[in-house]
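Working notes, beginning with the structure itself.
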Amino acid sequence: MSALFQNYARRSLHIVKGEGTIVWDDQGKSYLDFTSGIAVVSLGHSHPKMVSAIQAQAENLWHISNLFESPAQETLAADLVKDTSLSRALFCNSGAEANEAAIKLARKATGKHVIITFEQSFHGRTTGAMAATGQDKVKEGFGPLMPEFRTIPFNDQDALKEAIDENTAAVMLEVIQGEGGVNPIDPDFAATLQQLCESNGLLLIIDEVQTGIGRTGSRYAFEQTSLKPDIVTLAKGLGGGFPVGAILGSEALADHFGPGTHGSTYGGNPLAVTAAQTVVDHVFEEVFLEEVRKKGAYLREQLASLFGLSSVTCVRGQGLMLGIVLSTDAAPIVKKAEENGLLLVPAGPNVIRLLPPLTVSYEECRQAAAVLEKTMMQVEYTVS
Ligand SMILES: *Cc1c(COP(=O)(O)O)cnc(C)c1O
């Protein structure tokens, strides 16, 4: 009997090693990893720069807590907010924790308590982030939920206008809903949302936990929209595999988190900041981001051959965050792809997500698309 809680539907694969986009199981079989640990391993597995940075830091200092000034956090914070309208960062350890901080900050800064969120959104598993999440399956059995989240249909301008009242503190959203099925924001809706936030004095919280740090081909996904966030939350790709999260905010907002108001023992510890700084130094280079955009476009082109299959509805997403929308269940395809040496992650019941490391090669994109096509033909043949 397992000594573990059984809260994950784990696959039986035992992965023991990774390098770049490739991982190996304990039988020595290799796989193309198009999950990257759910959009986390941004520079691929065991990137030499990540390994040497972590090794050097581990020999020097692991942890001191936030009792002391941290020049390393200062540098990373400055890099994260550079050329944005935001001016400060606060570090934590995960996406849910970043969203908790955003929720607390929005309430404290506005003195109001209602936060509008969207159906199919995902903001994390802690009580506040869970209450913000627009998916019943995440919340079932855990009530009473933290109150004052108003969840409305995504990309619905009328619902948004109707939901705003004098108690609304903020609107919180993902620019491309990740777990909910790779659903991008509609540009018209984004424009209306921005305008309504400004005219009603609402804070705009953008959850970039999945889309941030180069995943969509820009530093942050909001940079490809008309949205001007007041708060941005980060995690997943930020640490490249080391657990670290952050919120970014304007100076005026940050002033509401004075000494003693909020904090974390681990948040931004030396190992985490070293990992994140190494990721950011790479990913925020314009040439790197341009490659992400080109590789994303190339991967999309390679997937075009799937449109001959009856089960494929469309491909959506941006950069190296793509979703293949199916008219059938994603699970049998994900399972068969694994047998064929390609690791994938579903998003909801009928979307296959492609989230390779941002360092994936063109050749690996071509191979993954070929394996996927073969897999989908095999699965279609079996079911019909
Ligand atoms: C994964 C995810 C979270 C939760 O992050 P954790 O690190 O698992 O707490 C929050 N928001 C979005 C958009 C995510 O994709």
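The figures here come from the full heavy-atom set of this structure, side chains too, leaving out hydrogens, waters and symmetry mates. Order of listing sets the numbers, starting from 1, for every ligand and every atom in it. Small disclaimer: the values here were computed from a predicted structure and weren't measured.
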- In the hydrophobic clustering that connects Ile, Leu, Val, Met, Phe, Trp and Tyr at side-chain heavy-atom distances below 4.5 Å, which members other than Val287 occupy its cluster, ordered by chain and number? none
- Aromatic contact, Phe189 with Phe118 (centres under 6.0 Å): yes
- NZ/NE/NH1/NH2 to OD/OE distance under 4.0 Å, Arg353 and Glu179: yes
- Thr21: which of Glu364, Gln367, Glu363 passes side chain to side chain donor-acceptor pair (under 3.5 Å): Glu364
- Message: Between Glu223 and Arg219, does the salt bridge (Lys or Arg N to Asp or Glu O under 4.0 Å) criterion hold? Intermediate values first, please.
- Response: CA-CA 7 Å; Glu223 294 177 296; Arg219 295 176 307 169; 2.6 Å; yes
N or O contacts of ligand 1 with protein under 3.5 Å, please list pair by pair.
| residue | atom | partner | partner atom | Å |
| --- | --- | --- | --- | --- |
| ligand 1 | 7 (O) | Gly95 | N | 2.8 |
| ligand 1 | 9 (O) | Gly95 | N | 3.4 |
| ligand 1 | 9 (O) | Ala96 | N | 2.8 |
| ligand 1 | 11 (N) | Phe122 | O | 3.2 |
| ligand 1 | 11 (N) | Asp207 | OD1 | 3.4 |
| ligand 1 | 11 (N) | Asp207 | OD2 | 2.7 |
| ligand 1 | 15 (O) | Gln210 | NE2 | 2.8 |
| ligand 1 | 15 (O) | Lys236 | NZ | 2.6 |

- Given side chains that start at C-beta, do those of Asn99 and Met172 come closer than 4.5 Å, heavy atoms only? yes
